[in-house]
> 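The structure under discussion is supplied below as structure tokens; questions concerning it will follow.
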There are 2 protein chains.
Amino acid sequence: MTKRKLNSTFTLNESFLTECDLTYAVNKIGGRWKILIIDKLSDQKLRFSELNKIFPLITERMLTLQLRALECDGLVKRTVYAEVPPRVEYELTPMALEFLPIFKQLSAWGNKHKGLTK
Amino acid sequence: MTKRKLNSTFTLNESFLTECDLTYAVNKIGGRWKILIIDKLSDQKLRFSELNKIFPLITERMLTLQLRALECDGLVKRTVYAEVPPRVEYELTPMALEFLPIFKQLSAWGNKHKGLTK
DNA sequence: CGGCATCCAGGATGATACTG
DNA sequence: CAGTATCATCCTGGATGCCG
């Protein structure tokens with residue numbers, strides 16, 4: 001986690017920030033595409049190219065990065081098949097599945113209040 | 001919303017992304033400090049300087065920006081009192097209050113899985 | 001097919017100084 | 001007190017090209 005100098009004499013660890021479970025959780029899904037990816041994986045395994053096809057606007061690089069981040073955060077499981085041509089499948093982990101109900105509520109909340117702001 | 005050129009011949013509006021209620025919701029609270037601010041405002045009104053004192057690491061500028069964003073998104077209500085010295089109080093809107101339960105679940109989820117990843 | 005490496009633009013964030 | 005203005009910096013994400 002980043003630190004920040006105070007008065008040039010000492011640094012204050014920002015752990016009190018990361019200790020916030022919410023910040024922690026939101027950061028995990030804060031990427032621009034992560035939520036979309038999780039949503040698509042919620043009921044099926046998908047290959048890299050399939051995801052890329054579903055989201056034509058995401059670049060391969062970003063898809064890679066976001067998938068890696070999700071994998072690193074334990075939300076997505078990556079399975080590589082030693083075949084030719086290579087095949088890689090992505091699926092949600094139990095941790096991510098637990099998140100889906102919250103996901104739904106968030107979605108409902110977003111839907112309810114969408115467009116109410118100027 | 002940003003657009004992106006496709007084949008240099010036309011642009012595809014990314015509305016299909018913003019149509020995702022989840023993305024919409026997460027973007028609202030995606031700021032670095034927004035969640036902390038909402039959390040602190042969940043049970044009390046607070047003045048600008050009080051918030052600034054609670055989060056010593058946030059700069060006045062960022063606090064202003066995040067509060068403005070929250071206000072713009074209809075999550076925070078800003079009340080200015082015509083006094084000397086000036087006084088401004090911030091409080092959550094009903095929309096934000098509706099969000100608190102989800103907030104709690106997210107927090108619990110984050111807490112449960114915190115530290116499980118490498 | 002499923003990436004990674006490199007370069008780069010723009011937005012987010014920070015430091016600092018000033019004001020109604 | 002509660003900001004605003006300005007400049008500097010960092011980081012995210014995009015474009016493009018190469019590789020096992």
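Lettering follows sequence order; numbering is per chain, from 1. Only heavy atoms go into these numbers, but all of them, side chains included; no hydrogens, no water, no symmetry mates.
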> How many whole angstroms separate atom CD of E89(A) from atom P of dG3(C)?
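Nearest whole value for this atom pair: 12 Å.
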
> Using a 4.0 Å cut-off on heavy atoms, which residues in residues 37-44 of chain B reach DNA chain D? List them by number, or say none.
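Contacts with DNA chain D under 4.0 Å: none.
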
> Figure out the CD/C1' separation between E83(A) and dC1(C), and round it to whole Å.
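Between C1' of dC1(C) and CD of E83(A): 11 Å.
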
> Can you give one letter per nucleotide of nucleotides 6-11 of chain C, going 5' to 3': B for a protein heavy atom under 4.0 Å from the base, S for sugar-phosphate only, - for none?
B-----

> Measure the distance from CZ on F48(B) to P on dC1(D) and round it to the nearest whole Å.
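Rounded to whole Å, this separation is 11 Å.
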
> Closest heavy-atom contact between L63(A) and I37(A)?
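So the two residues come closest at CD1-CD1, 3.9 Å.
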
> Do the side-chain N or O atoms of T59(B) get closer than 4.0 angstrom to the phosphate oxygens (OP1, OP2) of dA15(C)?
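The answer is no; no side-chain N or O of T59(B) sits under 4.0 Å from OP1 or OP2.
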
> To the nearest angstrom, how far is N52(B) atom CG from dA2(D) atom P?
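The distance from CG of N52(B) to P of dA2(D) comes to 9 Å, rounded to the nearest Å.
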
> Does K40(A) use its side chain to pair, donor to acceptor, with the backbone of I54(A) at less than 3.5 Å?
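Checked: no pair found.
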
> With a 4.0 Å cutoff (strictly under), does any side-chain N or O of W33(B) reach OP1 or OP2 of dG14(C)?
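Yes, because at least one side-chain N or O of W33(B) sits under 4.0 Å from OP1 or OP2 of dG14(C).
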
> Is the backbone N or O of K28(B) less than 3.5 Å from a side-chain atom of K34(B), with the two atoms forming a donor-acceptor pair by type?
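Yes; at least one donor-acceptor contact below 3.5 Å.
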
> I'd like to know if the side chain of S107(A) and the backbone of F103(A) have a donor-acceptor N/O pair within less than 3.5 Å.
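Not confirmed, S107(A) side chain does not pair with F103(A) backbone.
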
> To the nearest 0.5 Å, what is the distance between CG on L41(B) and NZ on K77(B)?
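Spacing of CG (L41(B)) from NZ (K77(B)) equals 13.0 Å.
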
> Have a look at Y90(B) and say if it touches a base, only the backbone sugar-phosphate, or nothing, with a 4.0 Å heavy-atom cut-off.
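Since only primed, P, OP1 and OP2 atoms lie under 4.0 Å of Y90(B), the category is sugar-phosphate.
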
> Give the rounded distance in Å between these two atoms: CG of L65(B) and P of dG3(D).
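Answer to the nearest Å: 11 Å.
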
> Rounded to the nearest Å, what distance is computed from the CD1 atom of residue I58(A) to the P atom of nucleotide dG2(C)?
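Whole-Å distance recorded here is 14 Å.
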
> Which heavy atom of L75(A) sits nearest to which heavy atom of A96(A), and what is that distance?
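For L75(A) and A96(A), the tightest heavy-atom pair comes out as O-CB, 3.2 Å.
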
> Under 3.5 Å, is there a donor-acceptor pair between the side chain of W109(B) and the main chain of M95(A)?
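Checking the backbone N and O of M95(A) against the side chain of W109(B), a donor-acceptor pair under 3.5 Å is found.
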
> For dA2(D), take OP1 and OP2 only and decide whether either is under 4.0 Å from a side-chain N or O of S49(B).
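Result: yes.
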
> Examine distances only and state if a side-chain atom of Q66(B) and a backbone atom of W33(B) form a donor-acceptor pair shorter than 3.5 Å.
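At least one qualifying donor-acceptor pair exists.
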
> Indicate whether OP1 or OP2 belonging to dG2(C) is found under 4.0 Å from a side-chain N or O atom of R68(A).
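Looking at the OP1 and OP2 atoms of dG2(C), neither is under 4.0 Å from any side-chain N or O of R68(A).
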
> Expressed as a whole number of angstroms, how long is the span from E60(A):CD to dG13(D):P?
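Taking CD of E60(A) and P of dG13(D), I get 17 Å after rounding.
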
> Check whether any side-chain nitrogen or oxygen of Q66(A) sits under 4.0 Å from OP1 or OP2 of dG13(D), and answer yes or no.
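For Q66(A), the contact criterion (side-chain N or O under 4.0 Å from OP1 or OP2 of dG13(D)) is met.
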
> Hydrophobic clusters here meaning ILVMFWY residues chained together by side-chain heavy-atom distances under 4.5 Å, can you tell me if Y81(A) and V84(A) are in one?
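In one cluster: no.
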
> When you match T64(A) and P86(A) each to their closest nucleotide on DNA chain C, which lands nearer the 5' end?
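Per heavy-atom nearest nucleotide, the more 5' residue is P86(A).
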
> Nearest whole angstrom, please: distance from the P of dG2(C) to the CG of L46(A).
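It works out to 11 Å between those atoms.
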
> Between L70(A) and L92(A), is there a side-chain heavy-atom distance shorter than 4.5 Å?
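They are not in contact (no side-chain heavy atoms under 4.5 Å apart), so the answer is no.
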
